[in-house]
Colleague: 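Just dropping this structure here.
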Amino acid sequence: MMDQLQAPVTSLYGVGEERASDLAALGIHTVRDLLEYFPSRYEDYRIRDLTEVKDQERVTLVGMIYGEPSVRFYGKKKSRISCRLLIDKVSVNAVWFNQNFIKSKLTPGKEIIVTGKWDKAKLQITVSEMTEKGSTRAEKRSDLNPVYPLSAGINLSTLRKTIERAIQSHGRYIEEILPHELVERYRLMPRQEAITAMHFPEDADEGRLARRRIMFEELFMFQLKMQAFRRINRQQNQGMAQEIPMEQVREFVRGLPFPLTGAQKRVVKEILDDMQAPYGMNRLLQGDVGSGKTVVAAIALYATIKAGYQGALMVPTEILAEQHVHSLKGLLEPLGIQIALLSGSLTAKKRREVIGALQMGLLDVVVGTHALIQEDVFFKNLRLVITDEQHRFGVEQRRVLRNKGLSPDVLFMTATPIPRTLAITAFGDMDVSVIDEMPAGRKPIETTWAKHDQFHQVLERMRQELINGRQAYVICPLIEESDKLDVQNAIDVHFQLSQYFRDYNVGLMHGRLPAKEKDAVMQSFASGETNILVSTTVVEVGVNVPNATYMVIYDAERFGLAQLHQLRGRVGRGAEQSYCVLIADPKSEVGKERMRVMCETNDGFELSQRDLELRGSGDFFGTKQSGLPEFKVADLVSDYKALEVARQEAAQLVATDEFWQDKRFAHLREYLREEGILDGTVLD
Ligand code: ADP
Ligand code: MG
């Protein structure tokens, strides 16, 4: 069957090449893309009751003009009209700026509909749109008008019209994709109706029902992928049991410079159990910064090596790779284990050597960025892949490895605190382990908030730490001046501080430095030669310099709370008391509250909860680092229950034979194939 919705947008009436390229800029290529390009919000023209309107809200009101309007002029072009309106026996002031042509329309006794911003204290509306009651324009206008994210080249009314036409001509080709049992069980609006109502809801209720349906569909399709992936992974990777000599592992743990925390012991057991099980491990390890994930990774690597295999550790940046090589060597090299770095900064010769050694099995562990499991890298017998931060080790990477005849156990480590229940649901294909306990004797970081004009005092406080032999970080948001953001840049700050602290070495680190230089800067800081490191956020994850006890974060209001917490975790890693100073002049109440929250708590999980309360999920979880899925319509936090329901339904469905065989699920299997979850060869 030809899928009408797959037709290019140019097949729509009124859409030519030019319009098509405007649409392409929005990611819209086919009619289906267009129909599924949902509004980000609606302009609300419902007429409101004065008593329920909030201060500064955009509202639509209807009232009767009484008294003559008055006009005032300022300068050549500026004017202000004001006019009294009677609304529910209340006298309200309506004002228009720079629209003096309006005056002639404001005849006393006339009823008008005005839309604009409401000032509660002054009982005043600043009008942006006006229509006469009963006019055709007022009658034709719908109560809820969709507003779409736009890019240059196409305006809102054109896009609205184009979508409206597409619904008229192609709406009937929209088919149900959810199993009908689900549509019935959860009383979901049928797909065709829901897509139409997402764009042009008759009223708020219909809009809500449409959103509910599309939200559920989005979550279900996501969970279907996750659950199918999980199932296939378990089936295909049978025979994956690693034979780990547990006594040797125990001995290794006993030989560590510190006893494991209870939480570390628990997660180590969960991980080793998975590795010894007949299926492939796919596990998420969550733990706040400083909770001791690296040593857990080292134990898992040790176990796999003693079972006779190789391990790989993937990290997002070269700096981190080097840090990890350093700490792993400290733990594993004394035991005769061979570890190497494979990164872009190696010379071609060195790189060839490392790759050759990996292929021959002369190396046990390799550390590097994502590229290390791809391209021309081959392993003798890779059985454990650990990823640290940012990397979602997904379908694509597994395929690459499978093509090399490898299906390793996978452990994904993250410091982004996501409430456990949400993590389990949102990473539906994974098992979840949490380190929810800090090593004993850690002193909580003391965080304070200072204004920019207190910078001098902050630096003097920093000098005290330096005098005591400690080191400091100064973090700046961007490396170059940007008109838009007008942020202090690292290079400037580095220059200032070099002047200010003439007796100390001030280093500069940012993402644009060549890899060689980055290494040198990092090495110099790690060795204590550099006293102060001015840096952009590249030091965010994993960097470990226990002697650094002081951190200043410039323009702290520009960072999200999750990121501030990550950055702060670079100090407080040794036995000494550490400090973090947030320099910020936030304007909004929420901004100020966020600074206060940072000062009050050191607990990442609590922080994530407070941030959610302040901002909703988008901002916090929007951080790429969390690895959480992003949806068009659904919201992980407010739609959490639906996500859980979707997970259960999807898991049940993929556990049935019908799902894999029955014709009525063919479109869902096709979807899994398109998403790379199903290899063409596996089934059907
Ligand atoms: P994470 O990667 O979770 O941020 P790390 O693994 O880098 O944390 O550990 C932070 C610091 O704590 C390191 O210096 C590490 O040696 C130390 N550490 C880890 N586990 C323990 C423990 N059980 N007791 C004492 N110190 C520990
Ligand atoms: Mg770490």
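Computed from a predicted structure; not experimentally measured. Counting starts at 1 for both ligands and their atoms, in listed order.
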Colleague: Counting from 1, what ligand 1 atoms have a heavy atom of Thr261 closer than 4.0 Å?
Modeller: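 Selected atoms, number and element: 23 (N).
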Colleague: Does Glu251 have more than 12 heavy atoms from other residues, nucleotides or ligands lying within 6.0 Å of its CD?
Modeller: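 Counting neighbours around CD of Glu251, 12 or fewer heavy atoms of other residues, nucleotides or ligands fall under 6.0 Å, so no.
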Colleague: Does ligand 1 come near enough to Gly292 that some N or O of the ligand is less than 3.5 Å from an N or O of the residue?
Modeller: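 Between Gly292 and ligand 1 (N or O atoms, distance only) the closest approach is under 3.5 Å.
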Colleague: Regarding His565 and Asn602, is there a side-chain donor-to-acceptor distance under 3.5 Å anywhere?
Modeller: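 Looking only at side-chain atoms, Asn602 and His565 do not form any donor-acceptor pair under 3.5 Å.
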Colleague: Could you tell me if any non-hydrogen atom of Gly287 lies under 4.0 Å from any atom of ligand 1?
Modeller: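 It does not, in that no heavy atom of Gly287 comes within the 4.0 Å cut-off of ligand 1.
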Colleague: Could you tell me whether Arg568 and Glu446 make a salt bridge, using a distance below 4.0 angstrom between a side-chain N and a carboxylate O?
Modeller: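 No salt bridge links Arg568 with Glu446.
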Colleague: Assess Ile435 for proximity to ligand 1: is some non-hydrogen atom of it under 4.0 Å away?
Modeller: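 False for this residue.
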Colleague: Taking only heavy atoms of Pro259, which atoms of ligand 1 are found under 4.0 Å from at least one of them?
Modeller: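 Listed by number with element, the hits are 22 (C), 23 (N), 24 (N).
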Colleague: Please examine the side chains of Phe412 and Asp388, heavy atoms only from C-beta on, and report whether any two atoms are closer than 4.5 Å.
Modeller: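 With C-beta onward as the side chain, the pair stays apart.
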Colleague: If you measure from the Lys or Arg side-chain nitrogens to the Asp or Glu carboxylate oxygens, is any gap between Asp274 and Arg283 under 4.0 Å?
Modeller: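 Yes, this pair counts.
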Colleague: Going by the order shown, which atoms of ligand 1 are within less than 4.0 Å of some heavy atom of Ser291?
Modeller: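 Answer for ligand 1: 3 (O), 8 (O).
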Colleague: Just distances here: any N/O of Leu260 and N/O of ligand 1 closer than 3.5 Å?
Modeller: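 By distance alone, the answer is no.
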Colleague: Determine, using heavy atoms of Gly290 and all atoms of ligand 1, whether some pair is separated by less than 4.0 Å.
Modeller: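 Flag set, Gly290 near ligand 1.
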Colleague: Determine whether the side chain, the backbone, both or neither of Met413 has a heavy atom under 4.0 Å from any heavy atom of ligand 1.
Modeller: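 For Met413, no heavy atom sits under 4.0 Å from ligand 1.
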Colleague: Heavy-atom contacts with Thr294 under 4.0 Å: which atoms of ligand 1 show up? List them by number with element.
Modeller: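 Counting from 1, the qualifying ligand atoms are 2 (O), 5 (P), 6 (O), 7 (O).
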Colleague: Step through it carefully: locate the ring centre of Phe222, locate the ring centre of Phe631, and say whether they are under 6.0 Å apart.
Modeller: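 Under 6.0 Å, so yes.
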Colleague: Taking everything shown except Glu243 itself, do over 12 heavy atoms lie less than 6.0 Å from its CD?
Modeller: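 For Glu243, atom CD is not crowded (no more than 12 foreign heavy atoms under 6.0 Å).
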Colleague: Taking 4.0 angstrom as the limit, do Arg470 and Glu576 come out as a salt bridge?
Modeller: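 Counted as a salt bridge, because a side-chain N and a carboxylate O are separated by less than 4.0 Å.
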Colleague: State the atoms of ligand 1, each with its element, that fall below the 4.0 Å cut-off from a heavy-atom position in Asp288.
Modeller: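 Reading through ligand 1 atom by atom, the close ones are 3 (O).
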